[in-house]
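A short worksheet on the structure shown next.
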Amino acid sequence: MPARYILAILGSIGMAIVYGLKVNLSVAMVGMVNNSAIKNIIAASGGSHNQTNYNAEVGDVECEGSNSEGKATMELDGPFIWLPGVQGIVLSCYFWGYFVSQLPGGRIAELFSAKWVMFFSVTINVVCTLLTPVMAQAHYAAVVVMRVGEGIGGGVTFPAMHVLLSKWAPPAERSVMSALVYAGTSLGTVISILTAGVLTANVGWESVFYVMGGLSCIWCVLWILLVQDTPQQQSLISAEERQMIVTSLGGKEGGHAQKKLPVPWRAVLKSPAFLSILVAHACSNWGWYMLLIELPFYMQQVLKFNMTENAVTTSLPFLSLWIFSMCLSRTLDWLTSKSYITTTIARKVATLFASVVPAVCLLAVCYIGCARAAAVALMAIAVTCIGGMFCGFLSNHIDIAPNFAGTLMALTNTISTIPGIVVPIFVGALTQKNQTISSWRIIFFVTIGLYIVEIVVYTLWGSGEEQPWNKIPESNDNIETKPLNNDEKKSTV
């Protein structure tokens with residue numbers, strides 16, 4: 001197998017591990033907390049655990065479903081009496097570490113070694129996952145520390161892989177390699193949700209962390225042995241493949257000693273090509289987190305799916321997302337290699353798939369009422385087509401500035417983490433006392449509006465061409481361009 005695809009496959013598995021260990025706590029927590037005790041505490045304090053459908057609009061339809069099975073399934077009483085506020089802190093603190101680590105991680109990957117930054121990312125997630133059961137027995141604050149550690153590791157994955165792809169992916173294969181790597185996030189989500197559910201129900205919540213963390217250790221060994229930062233440093237590669245990659249990326253030899261370039265921040269922040277990626281990334285992430293985090297709540301609150309149905313209907317679309325992203329990226333790479341379309345058009349087409357289709361699906365969901373089968377189909381199509389972002393704007397940083405791909409990815413991904421924090425608060429505020437179609441219609445309309453902003457901005461200003469500010473002179477010899485006068489010539493001689 002070509003060395004560049006060994007890198008891409010291991011990178012994809014690494015992303016799957018990080019995302020899988022990110023979401024497994026959400027499932028395992030069902031078996032960790034003592035739901036019965038929590039309900040009694042809330043009831044004793046004068047609250048109600050099931051306050052729903054207050055202030056519903058006149059004529060708002062309440063769907064019928066099969067919540068009885070889901071209710072029985074949820075009655076898994078674990079050892080920890082963590083009230084909803086504590087549960088929220090434990091689940092959301094991941095983003096604290098994720099938010100602060102990206103820019104430093106991206107710059108370290110560019111200046112030193114993206115291979116070891118990625119290794120650190122997965123390793124700290126594995127270590128914190130293996131320690132979670134012990135820390136949970138000590139205090140929930142210790143679990144918070146573990147989750148922040150996982151977030152710090154998770155925050156550097158995208159920047160580190162962007163740096164590696166900028167040095168390993170030939171332009172003609174950049175879409176498919178990027179999609180292969182980053183689609184691992186959706187594959188990891190599916191595998192983790194389903195595996196964690198089975199382990200929690202049949203073995204115990206501790207097994208989720210021990211099994212998934214233990215198996216991930218295998219990746220760490222393979223990554224050290226099989227991956228290097230550049231083709232020039234890789235011994236397990238044919239001379240033909242090394243020459244092909246280096247030539248396709250501009251024929252730059254001596255990748256070991258490449259000068260460490262300063263980031264031209266002013267040019268970056270004034271660049272329409274970069275700013276369009278930033279806007280697209282932020283708006284798309286709102287929709288991504290809306291479907292990733294909140295879709296199960298919509299299925300439960302409005303469509304009344306039970307827990308088993310909910311797990312299947314919300315996880316399987318991420319598998320079709322993986323397949324779709326592979327097919328779309330391969331098609332766009334082929335069209336680009338045949339000169340039928342430019343890189344710019346390829347990135348815009350992929351981004352349109354990831355924004356137009358989900359927007360249309362959400363608009364349809366607003367008006368189909370309680371048609372459960374239609375709602376599931378539309379949501380599945382929406383999640384599937386979001387996979388276009390992997391070979392769309394997410395790959396675009398490498399096109400416009402390969403020298404700073406890690407830093408640019410870290411910058412846009414840092415800003416785009418904000419929707420992950422805001423979306424749960426926004427949805428919670430609207431649905432706290434009105435878990436009906438009318439409330440979710442407002443949520444979906446806001447998401448559609450942000451998708452429209454993404455479509456307009458990226459279509460008008462997105463670019464797949466390398467930007468002038470990426471090309472910084474690497475030596476003073478290239479700076480002086482004036483012809484020498486006679487005195488200077490004599491002096492030089």
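Note that the structure is a prediction, hence the values are computed from the model and not measured. Note that these values count all heavy atoms, side chains included, but never hydrogens, waters or copies made by symmetry.
Aromatic ring centres of His162 and Tyr182: separated by under 6.0 Å. The aromatic ring centres of Trp286 and Phe426 sit less than 6.0 Å apart.
Ile245 has its side chain within reach of Arg4: a pair of non-hydrogen atoms, C-beta onward, lies under 4.5 Å apart.
Asp399 has a carboxylate O that lies under 4.0 Å from a charged side-chain N of Arg347, or vice versa, which qualifies the two as a salt bridge.
Ring-plane geometry between Tyr98 and Phe95 is classed as perpendicular, the angle between the planes exceeding 60 degrees on a 0 to 90 degree scale with a lower cut at 30.
Residue pairs that meet the ring pair (Phe, Tyr, Trp, His ring centres under 6.0 Å) test with at least one member in residues 263-284, sequence neighbours left out, are His281-Phe393. Listed by first and then second residue, the side-chain hydrogen bond (donor to acceptor under 3.5 Å, both in side chains) pairs that reach into residues 5-21 are Tyr5-Glu173, sequence neighbours excluded.
Note that NZ of Lys348 is 8.0 Å distant from OG1 of Thr342, once rounded to the nearest 0.5 Å.
No donor-acceptor contact under 3.5 angstrom links the side chains of Ser235 and Gln228, judged on distance only. A donor atom on one side chain and an acceptor atom on the other are found under 3.5 Å apart for Thr407 and Glu110.
Surrounding CZ of Arg242 are more than 12 heavy atoms belonging to other residues, nucleotides or ligands, all under 6.0 Å away. With a 6.0 Å radius and a threshold of 12 heavy atoms from other residues, nucleotides or ligands, Phe353 has its CZ atom at or below the threshold.
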Task: Test log, rule side-chain hydrogen bond (donor to acceptor under 3.5 Å, both in side chains), inputs Asp333 and Ser175 - done: CA-CA 6 Å; Asp333 270 347; Ser175 294; 3.2 Å; yes
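A donor-acceptor contact shorter than 3.5 Å is absent between the side chain of Thr195 and the backbone of Ser192. The backbone N or O of Gly153 sits less than 3.5 Å from a side-chain atom of Ser121, completing a donor-acceptor pair. Using a distance-only test at 3.5 Å, with no hydrogens or angles considered, no donor-acceptor pair links the side chain of Asn285 to the main chain of Pro419.
The side chain to side chain donor-acceptor pair (under 3.5 Å) search around Tyr94 returns none, not counting sequence neighbours.
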